[in-house]
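Everything below concerns the one structure shown next.
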Amino acid sequence: MAVNPLPIRLKQARKRAGITQKKLGVMIGMDESSASGRMNHYEKGRHTPDFSTLKKMAEILEVPLSYFFQEDELSAEISIEVDKLSKAKKLRLLKFISELKNNPAE
């Protein structure tokens with residue numbers, strides 16, 4: 001059975017941002033009395049946030065939405081760095097990746 005990366009990534013992003021579970025919950029619009037518990041359930045994988053909630057968390061934590069679904073650490077970090085690039089630089093990166101992939105010498 002595959003491990004759901006979302007709880008792991010959510011906790012990593014929240015800790016990286018230096019925000020408590022309660023504060024993040026309140027920042028995305030949860031009631032202060034239940035924010036910590038609800039966020040804990042998300043980080044433990046007991047519940048999964050809906051798309052709009054996850055999008056709010058991504059914006060506050062300054063990570064792309066795709067970050068939460070990366071199965072390995074390197075891909076997660078790459079998604080953060082790529083998200084910071086301009087559209088023009090993303091296109092250059094895409095071309096570079098395509099060239100790397102199609103180069104049999106490496």
Check: For Glu71, does the CD atom sit with more than 12 other heavy atoms under 6.0 Å from it, leaving out its own atoms?
Finding: no
Check: If you count the non-hydrogen atoms of other residues, nucleotides and ligands that lie under 6.0 Å from CD in Glu62, is the total more than 12?
Finding: no
Check: Would a 4.5 Å heavy-atom cut-off, applied to side chains only, mark Ile97 and Leu93 as touching?
Finding: yes
Margin query: Could you check whether Arg14 pairs with Glu43 (Lys NZ or Arg NE/NH1/NH2 to Asp/Glu carboxylate O, under 4.0 Å)?
Written below: yes
Check: For Pro64 and Ala58, which heavy atoms make the closest approach, and how far apart are they?
Finding: C-CB, 4.3 Å
Margin query: What's the separation between atom CZ in Arg46 and atom NE2 in His41, rounded to the nearest 0.5 Å?
Written below: 5.0 Å
Checklist line | Qualifying salt bridge (charged side-chain N to carboxylate O under 4.0 Å, His left out) pairs, either residue in residues 84-94, two or more places apart | finding: Glu81-Lys84
Check: Are Val26 and Leu61 in one and the same hydrophobic cluster, where Ile, Leu, Val, Met, Phe, Trp and Tyr link if side-chain heavy atoms are under 4.5 Å apart?
Finding: no
Notebook entry, point to check: Do Ile19 and Val63 belong to the same hydrophobic cluster, where Ile, Leu, Val, Met, Phe, Trp and Tyr are linked whenever their side-chain heavy atoms lie under 4.5 Å apart, directly or via other members?
Noted result: yes
Note to self: With rounding to the nearest 0.5 angstrom, report the CG to NZ distance, Asp50 to Lys55.
What the structure shows: 13.0 Å
Residues 3-11 side chain polar contacts: donor-acceptor under 3.5 Å, at least two apart:
unit_1 : atom_1 : unit_2 : atom_2 : d
Asn4   : OD1    : Leu6   : N      : 3.0
Arg9   : NE     : Gln70  : O      : 2.9
Arg9   : NH1    : Gln12  : OE1    : 2.7
Arg9   : NH1    : Glu73  : OE2    : 3.0
Arg9   : NH2    : Gln70  : O      : 3.1
Arg9   : NH2    : Asp72  : O      : 3.3

Check: For the atom pair CD1 (Ile80) and OG (Ser75), what is the distance rounded to the nearest 0.5 Å?
Finding: 11.5 Å
Margin query: Starting from Leu65, can I reach Ile28 by hopping between I/L/V/M/F/W/Y residues whose side chains sit under 4.5 Å apart?
Written below: yes
Check: How long is the span from the CZ atom in Arg38 to the CD atom in Gln21, to the nearest 0.5 Å?
Finding: 13.0 Å
Next item on the list: Could you pull out the closest heavy-atom pair between Tyr42 and Thr48, with the gap in Å?
Entry: CE2-C, 3.8 Å
Next item on the list: For residues 19-34, pull every pair meeting salt bridge (charged side-chain N to carboxylate O under 4.0 Å, His left out), keeping only residues two or more places apart or in separate chains.
Entry: Lys22-Glu32
Next item on the list: Identify whether Leu74 and Phe68 are in the same connected component of the hydrophobic contact network (ILVMFWY, side-chain heavy atoms under 4.5 Å).
Entry: no
Notebook entry, point to check: Are Leu94 and Leu85 connected, step by step, through hydrophobic side chains (Ile, Leu, Val, Met, Phe, Trp, Tyr) whose heavy atoms are closer than 4.5 Å?
Noted result: no
Checklist line | Asp83 side chain to Ser79 backbone, donor-acceptor under 3.5 Å | finding: no
Note to self: Quick check: do Lys56 and Met27 have side-chain heavy atoms less than 4.5 Å from each other?
What the structure shows: no
Checklist line | Met57 side, atom CE; Ser52 side, atom OG - distance, nearest 0.5 Å | finding: 9.0 Å
Next item on the list: With rounding to the nearest 0.5 Å, note down the distance linking CD1 in Ile78 to OG in Ser66.
Entry: 11.0 Å
